[in-house]
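Structure record follows, encoded as structure tokens.
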Amino acid sequence: MRERILAFIPKHISNKTILGFMEFLRRIAHISKRKIRDHLKKNEAIFQSNGTEGFIENQNDLKDVSYGKKNLAFSGCEIIAAYNALVKLGGVSNFSLPKLISEFEKDGMVFGGRFGTSPVAILHFFLKNGYKCDFAHEESAIRRIESKYDSFIVTIYNDRNNIKRQIHTININREMSGLVAHNVYGNGAPMGPFPSFEVLLGSINQGKSKMICIFGIGK
């Protein structure tokens, strides 16, 4: 019975409904403008000392970086995915990681950042900043989107049979060698290359992951 309860949401609640619920939670539990300014100042000081070069793979080490009511290690995967996509697309000169965090603290956090960032907010960010995007929440759309873009953001259930394993968002980029996924486990290492999304997604968490949504991003 316990296993059935834990598997109910991933197996029986539609991806569209899950995204809609995250959008509802995006509209509550905001933090003050003063707190956003304080976080920006603190986070900029951290990265002035440590710096950021290239893709971010080590989410687990970012406990000191503030985000909403939590921190980037706890609930920053969507922001890290957006940043890594900007690295691929050459857009980090306009958005440092601290500025990106501040952008989503203003609009995008799910329940004050306790549950990360709404994938729809990430989509809106790229559209607002002049990128072309193709969004879908059906697995049947993966091949269509895969064929048209070189950078992607994908939100998944970590375990299709256990909602307690939570949701994770990653950036995937097409390289000469194949598809490479960034910050999958937050342990400092990318995954790949893989010949296709089907193989890549089937390699995450021993094949237990399940897609919630995907969007391709182009200049």
Side-chain angles (χ1 to χ4, degrees), residues 15 47 50-62 65 72-73 75-97 100-101 104 116-117 119 121-123 125-127 129-160 165-219:
N15 291 339
F47 285 104
N50 300 324
T52 53
E53 293 184 7
F55 298 107
I56 296 175
E57 309 283 2
N58 62 330
Q59 180 179 349
N60 298 339
D61 298 331
L62 302 178
V65 181
L72 218 62
S75 58
C77 61
E78 289 84 13
I79 292 175
I80 291 171
Y83 181 85
N84 285 340
L86 288 171
V87 171
K88 171 67 174 178
L89 297 167
V92 290
S93 59
N94 297 321
F95 289 98
S96 66
L97 184 60
L100 202 60
I101 292 168
F104 291 111
T117 309
I122 303 293
L123 171 68
F125 165 81
F126 280 99
L127 291 171
N129 285 282
Y131 292 88
K132 182 177 72 170
C133 300
D134 195 342
F135 180 89
H137 50 72
E138 309 92 2
E139 290 189 1
S140 59
I142 289 178
R143 288 187 180 180
R144 172 178 59 81
I145 292 175
E146 178 183 358
S147 67
K148 294 167 60 178
Y149 296 88
D150 291 327
S151 189
F152 312 86
I153 290 181
V154 182
T155 299
I156 60 173
Y157 291 107
N158 283 317
D159 190 332
R160 66 178 66 230
R165 294 288 304 278
Q166 301 182 337
I167 287 170
H168 190 44
T169 298
I170 59 175
N171 164 239
I172 298 170
N173 295 316
R174 190 187 314 281
E175 308 295 350
M176 293 292 292
S177 55
L179 295 169
V180 177
H182 297 282
N183 192 46
V184 177
Y185 299 114
N187 60 1
M191 280 185 66
F194 296 94
S196 68
F197 263 91
E198 182 179 7
V199 176
L200 191 161
L201 294 175
S203 300
I204 297 175
N205 294 325
Q206 295 81 48
K208 294 179 181 178
S209 69
K210 180 183 177 184
M211 192 198 84
I212 296 174
C213 65
I214 179 174
F215 64 94
I217 315 163
K219 293 183 179 180

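Because the structure is a prediction, the values reported are computed rather than measured. Position 1 is the first residue of the sequence; numbering continues from there.
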Next item on the list: Quick one: do Met211 and Val154 satisfy side chain to side chain contact (heavy atoms under 4.5 Å, CB included)? Show the steps, please.
Entry: CA-CA 7 Å; Met211 192 198 84; Val154 182; 4.0 Å; yes
Checklist line | Stepwise side chain to side chain contact (heavy atoms under 4.5 Å, CB included) check, Phe104 with Ile122 | finding: CA-CA 8 Å; Phe104 291 111; Ile122 303 293; 3.5 Å; yes
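Atom CD1 of Ile153 and atom SG of Cys77 lie 10.5 Å apart (nearest 0.5 Å). Rounded to the nearest 0.5 Å, atoms CD1 (Ile214) and SG (Cys133) are 12.0 Å apart. Taken from CG in Leu97 to CG in Asn84, the straight-line distance is 9.0 Å, to the nearest 0.5 Å. In this structure, the separation between CD1 on Ile172 and CD1 on Ile217 is 11.0 Å, given to the nearest 0.5 Å. Rounding to the nearest 0.5 Å places CD1 of Ile56 at 7.5 Å from CG of Leu72. The distance from atom NZ of Lys219 to atom CG of Leu89, rounded to the nearest 0.5 Å, is 6.5 Å.
Under a 3.5 Å cut-off, the side chain of Arg174 and the backbone N or O of Leu179 do not form any donor-acceptor pair. Between the side chain of Gln59 and the backbone N or O of Tyr185 there is no donor-acceptor pair closer than 3.5 Å. Listed for the Asn205 side chain is a donor-acceptor partner under 3.5 Å among the backbone atoms of Asn158.
Residues passing the side-chain hydrogen bond (donor to acceptor under 3.5 Å, both in side chains) test with Ser151, sequence neighbours excluded: Asn171, Asn173. Scanning for ring-ring contact (aromatic ring centres under 6.0 Å, His included) contacts around Tyr157 gives an empty result, with sequence neighbours left out. When the ring-ring contact (aromatic ring centres under 6.0 Å, His included) test is applied to Phe135, no partner is found at least two apart in sequence or on another chain. A search for side-chain contact (heavy atoms from CB on, under 4.5 Å) contacts involving Thr155 returns Pro119, Ile167, Thr169, Ile212, Cys213, not counting sequence neighbours. With sequence neighbours left out, the side-chain hydrogen bond (donor to acceptor under 3.5 Å, both in side chains) criterion links His182 to Glu57. Applying the side-chain hydrogen bond (donor to acceptor under 3.5 Å, both in side chains) rule to Lys148 yields the partners Asp134; only residues at least two apart in sequence or on another chain are considered. Applying the side-chain contact (heavy atoms from CB on, under 4.5 Å) criterion to Val92, with sequence neighbours excluded, gives Tyr83, Leu86, Val87. In this view, Phe215 satisfies the ring-ring contact (aromatic ring centres under 6.0 Å, His included) rule with no residue, not counting sequence neighbours. Contacts of Pro193 classified as side-chain contact (heavy atoms from CB on, under 4.5 Å), with partners at least two apart in sequence or in another chain: Ser177, Val180.
The shortest non-hydrogen separation linking Asn60 to Asn187 is ND2-N, 4.0 Å. The shortest non-hydrogen separation linking Ile170 to Asn183 is CG2-O, 3.8 Å. Nearest heavy-atom pair, Gly216 versus Phe152, reported as atom, atom and distance to 0.1 Å: CA-CD2, 3.8 Å. When all heavy atoms are compared, the tightest approach of Ala136 to Arg144 is CB-NH2, 4.3 Å. Between Glu78 and Thr117, the shortest heavy-atom contact is OE1-N, 3.1 Å. For the residue pair Tyr131 and Leu127, the shortest heavy atom distance occurs at O-CD2, 3.7 Å.
Within the structure, salt bridge (charged side-chain N to carboxylate O under 4.0 Å, His left out) contacts touching residues 175-194 (residues at least two apart or in different chains) are Lys88-Glu175. Counting only residues at least two apart or on different chains, the salt bridge (charged side-chain N to carboxylate O under 4.0 Å, His left out) pairs with a member in residues 178-206 are Arg143-Glu198. A salt bridge (charged side-chain N to carboxylate O under 4.0 Å, His left out) check over residues 200-216, counting only residues at least two apart or in different chains, returns nothing.
Two residues are said to be in side-chain contact when any heavy atoms from C-beta on lie closer than 4.5 Å; Ser203 and Phe194 meet this criterion. Ile145 places none of its side-chain heavy atoms less than 4.5 Å from the side chain of Phe197.
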